[in-house]
Participant: 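Here it is, the structure, as structure tokens.
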Amino acid sequence: MSAPPTAPQKAPQNTPWTATALTLFPEMFPGTLGQSLAGKALANGTWALETIDIRDHAHDKHRTVDATPAGGGAGMVMRVDVLARAIDAALATLPADRPVIYLSPRGPRFAQAFARELVAGPGAIFVCGRFEGVDERIFQARPVTELSLGDFVLSGGELAAMAVIDACVRLLPGVMGDAASHADESFEHGLLEYPHYTRPQSFEGHDIPAVLNGGHHKQIGAWRKAAAEEITRNRRPDLWAAYQTRPTKGLES
Ligand code: SAH
């Protein structure tokens, strides 16, 4: 029997943008990331999500991952040896060359520009802390950088990791229906977004601003730009100051 003609060999599929979460609670994933836009994109392979149970990398029969802090004090600290093994396992998975990010209130604050940087790469490995955090030596022993969600303290890094992953995934090509829909969003031009309106035309005496009904795109653009500038100036002096030093200003830039 002759062999059936073989189809030309397909080039190997590119590995999608991949998030790997190192956690003591792998069952928390995908959580919110399994729903809506991120969930659909996860199901269709636009991105991939893996979890590594840090406890699987403990080396005693009690699967210990934490210990009391050197010098005394409250709480427990995640052990550097166990964490290093878990990170090594993550670094050995594909795609290669992914940054290792420890979610931590001490890190630089997460921002849209960093989400853009992350989606331009192959993905990221997220270390989710618990207890008082991790043994400081992990930062010397492995290429780990810190990233904060904001100036507050969560009880674990999982929610923070999910927030960062969500912000990245919605920027991946094909995840949002209309590619233009995040071009005008808050932070993309150094401004907060202008207000939105939809039906009904009038609600409890409040009307949609007339300019938005005129169909005059130039006027609408000018109104939105002015509204975005006003909101940013009033609410975020820090963004407003940075915006004013930009070479090109406004939603068209
Ligand atoms: N003792 C630490 C807080 C530990 S909270 C401190 O005072 O800095 C436990 C874990 O929650 C941390 O290890 C970290 O992974 C996560 N976490 C808490 N707040 C966070 C934040 N604002 N951003 C990112 N991760 C955070």
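Remember, it's 1-based here, ligands and their atoms both numbered in the order they're listed. A quick note: this is a predicted structure, and the numbers were derived from the prediction, not measured.
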Participant: Check ligand 1 against G157 and write out every atom of the ligand that is under 4.0 Å from a heavy-atom position of the residue.
Facilitator: 11 (O), 15 (O), 16 (C)
Participant: Should L154 be counted as touching ligand 1, given the test is an N or O pair under 3.5 Å?
Facilitator: yes
Participant: Indicate yes or no for a side-chain donor-acceptor contact from D166 to the backbone of M162 under 3.5 Å, with no hydrogens or angles considered.
Facilitator: no
Participant: Less than 3.5 Å apart, which donor and acceptor atoms pair up between the side chains of residues 150-157 and the rest of the protein, not counting sequence neighbours?
Facilitator:
{"unit_1": "D151", "atom_1": "OD2", "unit_2": "R109", "atom_2": "NH2", "d": "3.1"}

Participant: Suppose I only count heavy atoms of V153 and a 4.0 Å limit; which atoms of ligand 1 are within that range?
Facilitator: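 Answer, ordered by atom number: 3 (C), 5 (S), 19 (N).
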Participant: Looking only at heavy atoms, what is the nearest atom pair of A38 and W47, with distance?
Facilitator: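 Heavy-atom minimum between the residues: O-NE1, 2.9 Å.
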Participant: Determine, counting only non-hydrogen atoms of the protein, whether one lies under 4.0 angstrom from atom 23 (N) of ligand 1.
Facilitator: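 Yes, there is a protein heavy atom closer to it than 4.0 Å.
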Participant: Distance under 4.0 Å to a non-hydrogen atom of S148: what atoms of ligand 1 satisfy this?
Facilitator: 22 (N), 23 (N)
Participant: Should R106 be counted as touching ligand 1, given the test is an N or O pair under 3.5 Å?
Facilitator: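 Among all N and O atoms of R106, none is under 3.5 Å from an N or O of ligand 1.
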Participant: Suppose we measure from atom 13 (O) of ligand 1 to each protein heavy atom; which comes out shortest, and what is that distance?
Facilitator: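 I find the closest protein heavy atom is Y102 OH, 2.6 Å.
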Participant: Under a 4.0 Å heavy-atom limit, does A160 contact ligand 1 with its side chain, its backbone, both, or neither?
Facilitator: side chain
Participant: Between F131 and ligand 1, which part of the residue brings a heavy atom under 4.0 Å of the ligand: side chain, backbone, both or neither?
Facilitator: backbone
Participant: Centroid-to-centroid, H196 to Y194, below 6.0 Å?
Facilitator: yes
Participant: Backbone N or O of E193 within a donor-acceptor pair of the S186 side chain at under 3.5 Å?
Facilitator: yes
Participant: From atom 26 (C) of ligand 1, work out which of C128, G129, P105 has a heavy atom at the shortest distance.
Facilitator: P105
Participant: Do R98 side-chain atoms and T18 backbone N/O form a donor-acceptor pair below 3.5 Å?
Facilitator: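 Answer holds: yes.
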Participant: What do you reckon, does G150 have a nitrogen or oxygen under 3.5 Å from a nitrogen or oxygen of ligand 1?
Facilitator: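 N/O-N/O distance under 3.5 Å: yes.
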Participant: So, S202 side chain and D207 main chain: donor-acceptor pair closer than 3.5 Å or not?
Facilitator: no
Participant: Show me, pair by pair, the donor-acceptor contacts under 3.5 angstrom made by side chains of residues 62-71, not counting sequence neighbours?
Facilitator:
{"unit_1": "R63", "atom_1": "NH1", "unit_2": "D56", "atom_2": "OD1", "d": "3.0"}
{"unit_1": "T64", "atom_1": "OG1", "unit_2": "D60", "atom_2": "OD2", "d": "2.5"}

Participant: Enumerate the atoms of ligand 1 whose separation from the nearest heavy atom of E132 is less than 4.0 angstrom.
Facilitator: 1 (N), 2 (C), 4 (C)
Participant: Is the closest N or O pair between L147 and ligand 1 shorter than 3.5 Å?
Facilitator: no
Participant: Can you list the ligand 1 atoms lying under 4.0 Å from a non-hydrogen atom of G133?
Facilitator: 13 (O)
Participant: So which heavy atom in the protein is nearest atom 14 (C) of ligand 1, and how far is it from that ligand atom?
Facilitator: L103 O, 3.0 Å
Participant: I need the minimum non-hydrogen distance between A89 and I52, along with the two atoms involved.
Facilitator: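 Scanning both residues, the minimum pair turns out to be C-CD1, 4.0 Å.
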Participant: Keeping the roles fixed (side chain from W17, backbone from L118), state whether a donor-acceptor pair exists under 3.5 Å.
Facilitator: yes
